[in-house]
Amino acid sequence: MSAFDLTGKVAIVTGSGRGIGRAEALALAAEGAKLVVNDLGGGRDGSGAPLPSAADEVVAEIKKMGGQAVANYDSVEDGAKIVQS
């Protein structure tokens, strides 16, 4: 039995295409949360063109685990758009 039951809850994790954000998103999904995987893409330092593949890869991994997730590529400056996802 897990420590937390997040079934029916929705979590938004910004910067969840890689690193700690990715780990957070996967952990929340493992506890039953539905996820909005937000990541602009590009380089780890924020450089380069936005590439949505990082968010898409995490969404695919969550779905493979049996979870529910959607990718979002908006900036946190557009927080309302992220929430609408």
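Across all non-hydrogen atoms, the minimal contact from Asp39 to Ala55 is CB-CB, 4.1 Å. When all heavy atoms of Lys63 and Ala69 are compared, the pair lying nearest together is CE-O, 3.4 Å. Across Ala71 and Asp56, no two heavy atoms sit closer than the pair CB-OD1, 3.5 Å.
Qualifying side chain to side chain donor-acceptor pair (under 3.5 Å) partners for Ser75, counting only residues two or more places apart in sequence or in other chains: none. The side chain to side chain donor-acceptor pair (under 3.5 Å) check on Asn38 picks up Asn72, with sequence neighbours excluded. With sequence neighbours left out, Glu24 forms a side chain to side chain donor-acceptor pair (under 3.5 Å) with no residue at all.
Taken to the nearest 0.5 Å, the NZ atom of Lys9 stands 13.5 Å off from the CD atom of Glu31.
There is a path of hydrophobic side-chain contacts, each under 4.5 Å, that joins Val59 to Leu6. Linking ILVMFWY residues whenever their side-chain heavy atoms come closer than 4.5 Å, directly or via other members, leaves Leu40 and Val76 in distinct clusters. If you chain together hydrophobic residues whose side chains sit under 4.5 Å apart, Leu28 and Met65 fall into the same group.
If you run side chain to side chain contact (heavy atoms under 4.5 Å, CB included) between Val13 and each of Leu26, Leu35, Val37, only Leu35 comes through.
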Legend entry - Stepwise side-chain contact (heavy atoms from CB on, under 4.5 Å) test for Ser85 and Lys81: CA-CA 7 Å; Ser85 289; Lys81 289 182 182 179; over 6 Å; no
Inset, instruction - Could you please spell out the steps behind the side-chain contact (heavy atoms from CB on, under 4.5 Å) verdict for Ile62 and Val58? - result: CA-CA 6 Å; Ile62 290 169; Val58 175; 4.0 Å; yes
